[in-house]
Amino acid sequence: MPHPDPQPLSCDVAIIGAGTAGMAALRKLKDTGLSLRIIDPEFRGTTCATTGCMPSKLLIAAAEAAHAVRHAAVFGVHAAPRIDGVAVMKRVRDMRDRFASGTQETLLDLSERLRLKSRARFTGPTQLELDDGRRLEAERIIIATGSDPMLPDAYKPLADLCLTNETVFDLPDLPTRLAVIGAGPIGVELAQAFARLGVEVALFDSGSTVAGLTDPAVSTALADALRDEFALHLDTTPTPRRVGDQIELTWGKSERAQFDRVLVATGRPPNLTALNLEAAGLALDDHGTPLFDPRTMQCGDAPIFMAGDANAARPLLHEAGSEGAIAGANAASWPDLAQAARMVPMAITFTRPSAATVGEVIPPGRADTVTGSADYSDQGRAKTEARAAGLVRLYADRQDGRIRGASLAAPEGEHLAHLLAWAISEGMTASRMLDLPFYHPTVEEGLKSALREICQATSSPITWSRDDGAPAGE
Ligand SMILES: Cc1cc2nc3c(=O)[nH]c(=O)nc-3n(C[C@H](O)[C@H](O)[C@H](O)COP(=O)(O)OP(=O)(O)OC[C@H]3O[C@@H](n4cnc5c(N)ncnc54)[C@H](O)[C@@H]3O)c2cc1C
Ligand SMILES: NC(=O)c1ccc[n+]([C@@H]2O[C@H](COP(=O)([O-])OP(=O)(O)OC[C@H]3O[C@@H](n4cnc5c(N)ncnc54)[C@H](O)[C@@H]3O)[C@@H](O)[C@H]2O)c1
């Protein structure tokens, strides 16, 4: 319905999207004296808290409890889990709502003048139109509209039987049979969690790797571990059709199966279509995403900045926060811009074993790189806990053994990833890392074999006072 006031609103900086990136931008801007507006159609809290990181980790936590009970017999402890699906989903929602209410309260604390509850679209480089007809003239604009799940065409006519991350956590009970399409981070995390909670799961991906791992050996190590728990079909694009209130998938030569629901996790493209970016006059890439400078977050030389999933570069929570801060600080100082030193890239998938990529993932055969490997299917501490599986690959500079990146699927992989990201940030060589203390017996000391391999390949010294033998079960 058109708004009664035809007079355009105006401000110094408009932020489109009140998620993690938009709110981080607002924090940088709020004490600058600039007039601000933040626009969002819902102000429902961040994706992370409502339908992303937190509910998925809550489901994974329930799954781990079930898994621990089911596998206790290996330690001589006998028990069988009785899984109350209604209670599992209720805890996910109750805790999710508590996390979400924290982010909602921050939004409610914003003054009425600051908040514009509406969807924004560009009508000019610095002009926005809101979906209630109001117009807003802003000297500088930050786009922080996030990303949305997409349904491939084949699933659109079956949308009522499909789930995405927006709906899956609202299931009142666990399904009996669930197909998951897409083995990226969302697909593998949720497929394993549902399988551990007793759901019959089949996971399909048209590609050949899992969890976004581009190192084939590491992806295979994770895929092998996942296959122990549920059916995983790579290089497979099934064809769906409705059969009563079920979805039937067919694939391969003549394989078929019916499922109660299909969880579609085939990617989350940036949420840009409603923005009418053509009117902003920005240069766009082949996917229609504005070209931007990742060190300033500025789009071309326009007074427009982009942060978070909206720019599709690093669609992760800590990066959305950091990009929002960079965009906010630079929108404040525009036209003077500061170049931010970006963090070492790190992406973790919370499967068990957990998967991660850190820094540069360097394909095999590059003359300037050496690779060191650590086999976690034979790692001491992991074996004591009956969870030995996985592989770590470290990529290092051939000249001096400086660690440049890592791919891994390993127990406690999320912690190993942090250790490696910090070492890479500090410019450490394999030799330097081996000079630092590794406690015994830990999952961390498993990295030593990969580091020694790099030292050997680069003729780097291991400090004379360090023992280069491996203790039992390293
Ligand atoms: C299931 C799942 C699990 C995840 N797990 C993890 C994890 O474990 N770790 C991790 O690092 N990352 C994880 N992520 C990714 C992480 O959630 C996102 O990277 C992060 O939430 C992105 O924040 P954002 O600010 O860019 O977007 P959002 O928080 O989505 O905010 C975008 C905002 O823009 C608003 N908006 C959209 N269009 C318009 C418009 N035209 N006008 C006005 N407002 C608009 C929306 O309403 C929304 O409030 C996960 C994601 C999912 C889906
Ligand atoms: N732990 C985490 O940090 C975490 C967890 C979940 C999500 N996320 C973020 O959310 C983003 C989106 O995750 P996602 O897993 O939905 O997307 P994704 O793009 O990472 O993975 C999608 C997968 O679906 C496959 N695919 C695409 N179309 C298909 C089709 N028609 N049939 C079968 N397979 C198909 C692709 O090959 C790919 O492996 C990620 O990039 C990540 O940044 C992060």
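Residue numbers count from 1 along this sequence.
The closest side-chain heavy-atom distance from V262 to I181 is below 4.5 Å. Contact annotation: the side chain of L128 never approaches that of T123 to less than 4.5 Å [non-hydrogen atoms, C-beta and beyond]. In this structure the side chain of R393 reaches within 4.5 angstrom of the side chain of L391, judged on heavy atoms. Using a 4.5 Å cut-off on side-chain heavy atoms (C-beta onward), M150 and T266 make contact. Side-chain contact between T176 and V199: absent, with no pair of heavy atoms (C-beta onward) separated by less than 4.5 Å. For the pair L29/I142, a side-chain contact is recorded, criterion being any heavy-atom separation below 4.5 Å from C-beta on. Side-chain contact between F99 and L58 is present, with at least one heavy-atom pair separated by less than 4.5 Å. For the pair V168/M89, no side-chain contact is recorded, criterion being any heavy-atom separation below 4.5 Å from C-beta on.
Atoms CD and OG, on Q192 and S354 in that order, are 9.5 Å from each other to the nearest 0.5 Å. Taking CZ of F350 as the reference point, atom CD1 of I60 lies at 7.5 Å (rounded to 0.5 Å). Atom OG of S118 is separated from atom CG of D131 by 3.5 Å, given to the nearest 0.5 angstrom. The distance from atom CG of L9 to atom CZ of R134, rounded to the nearest 0.5 Å, is 6.0 Å. If you take SG on C53 and CD on E189, they are separated by 9.0 Å, rounding to the nearest 0.5 Å.
Classification of E129 and R135 as a salt-bridged pair fails, no side-chain N sitting under 4.0 Å from a carboxylate O. Ion pairing between D94 and R91 fails under the 4.0 Å rule for side-chain N and carboxylate O. Between R381 and E444 there is no salt bridge, since no side-chain N of the basic residue sits under 4.0 Å from a carboxylate O of the acidic one. Under 4.0 Å is where a charged nitrogen must lie from a carboxylate oxygen, and between E323 and R342 at least one such pair does. Residues R96 and D170 are paired through a salt bridge, judged by an N-O separation under 4.0 Å between the basic side chain and the carboxylate. Using a 4.0 Å cut-off between charged side-chain N and carboxylate O, K90 and D173 make no salt bridge. Salt bridge absent: D260 and R177 never bring a charged side-chain N and a carboxylate O closer than 4.0 Å.
Side-chain atoms of S35 and D12 include a donor-acceptor pair closer than 3.5 Å. If you check the side chains of T250 and R256, you find no donor sitting under 3.5 Å from an acceptor. Checked by atom type, the side-chain pair N165/R268 shows a donor-acceptor distance below 3.5 Å.
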Please output the side-chain donor-acceptor pairs of residues 274-281 that fall under 3.5 Å, not counting sequence neighbours, one pair per line with the distance.
unit_1 : atom_1 : unit_2 : atom_2 : d
N276   : ND2    : F122   : O      : 2.8

Could you give the side-chain donor-acceptor pairs of residues 288-295 under 3.5 Å, partners two or more places apart or in another chain?
unit_1 : atom_1 : unit_2 : atom_2 : d
D293   : OD1    : R295   : N      : 2.8
R295   : NE     : Q339   : OE1    : 3.0
R295   : NH2    : Q339   : OE1    : 2.7

Enumerate, atom names and distances included, each donor-acceptor pair closer than 3.5 Å involving a side-chain atom of residues 410-424, sequence neighbours excluded.
unit_1 : atom_1 : unit_2 : atom_2 : d
E412   : OE1    : H415   : NE2    : 3.3
E412   : OE2    : R387   : NH1    : 3.2
E412   : OE2    : R387   : NH2    : 2.8
E414   : OE1    : R352   : NH1    : 3.1
H418   : ND1    : E414   : O      : 2.8

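The 12-atom threshold is not exceeded at CZ of R113, counting heavy atoms of other residues, nucleotides or ligands nearer than 6.0 Å. Within 6.0 Å of atom CD in E137, more than 12 heavy atoms from other residues, nucleotides or ligands are found, so the atom counts as buried in its surroundings. In the displayed structure, D301 atom CG is contacted under 6.0 Å by at most 12 heavy atoms of other residues, nucleotides or ligands.
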For this session: Run the numbers on E166 and R44 for salt bridge (Lys or Arg N to Asp or Glu O under 4.0 Å), then give the verdict.
Result: CA-CA 13 Å; E166 307 251 311; R44 67 168 180 168; 3.8 Å; yes
Exercise. How far apart are the C-alpha atoms of I38 and L116, what are their side-chain angles, what is the distance that settles it, and do they pass the side chain to side chain contact (heavy atoms under 4.5 Å, CB included) test?
Worked result: CA-CA 6 Å; I38 182 157; L116 291 174; over 6 Å; no
For this session: Please test W251 against T239 for side chain to side chain contact (heavy atoms under 4.5 Å, CB included), starting from the C-alpha separation and ending with a verdict.
Result: CA-CA 6 Å; W251 69 96; T239 305; over 6 Å; no
Exercise. Would L163 and L171 satisfy side chain to side chain contact (heavy atoms under 4.5 Å, CB included), going step by step from the backbone distance to the final call?
Worked result: CA-CA 9 Å; L163 300 162; L171 284 173; 3.9 Å; yes
Exercise. Can you check side-chain hydrogen bond (donor to acceptor under 3.5 Å, both in side chains) on D309 and S147, steps first, answer last?
Worked result: CA-CA 5 Å; D309 285 13; S147 58; 2.8 Å; yes
For this session: Output, in order, the C-alpha distance, side-chain angles, deciding distance and verdict of side chain to side chain contact (heavy atoms under 4.5 Å, CB included) for L263 and L190.
Result: CA-CA 9 Å; L263 170 63; L190 296 182; 3.8 Å; yes
For this session: Test salt bridge (Lys or Arg N to Asp or Glu O under 4.0 Å) on R119 and D132 and set out the steps.
Result: CA-CA 8 Å; R119 192 171 291 281; D132 56 12; over 6 Å; no
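The two residues L222 and A211 come nearest to each other via the heavy atoms CD2-CB, 3.8 Å. In terms of heavy-atom proximity, N311 sits nearest to M306 at ND2-O, 3.4 Å. Between G321 and T20, the shortest heavy-atom distance links the atoms N-CG2, 3.8 Å.
Side-chain N or O atoms of D148 include none that pairs as donor or acceptor with a backbone N or O of N271 at under 3.5 Å. Of the possible polar contacts, one joining the S219 side chain to the V210 backbone as a donor-acceptor pair under 3.5 Å is found. Although no hydrogens or angles enter the test, the distance criterion places a donor-acceptor pair under 3.5 Å between the side chain of R70 and the main chain of R196. Panel note: side chain T236, backbone L234; a donor-acceptor pair is recorded below 3.5 Å. Judged by distance alone, the side chain of T106 and the main-chain N or O of G102 form a donor-acceptor pair under 3.5 Å. No donor-acceptor pair under 3.5 Å is formed between the side chain of T47 and the backbone N or O of T51.
Between H233 and F204, the ring planes lie parallel to each other; the angle is under 30°, not in the 30° to 60° tilted range.
For the pair R404 and Y395, the cation-pi test (distance below 6.0 Å, angle within 45°) is failed.
A side-chain contact (heavy atoms from CB on, under 4.5 Å) with R140 is found for exactly one of I304, T126, L34, namely L34.
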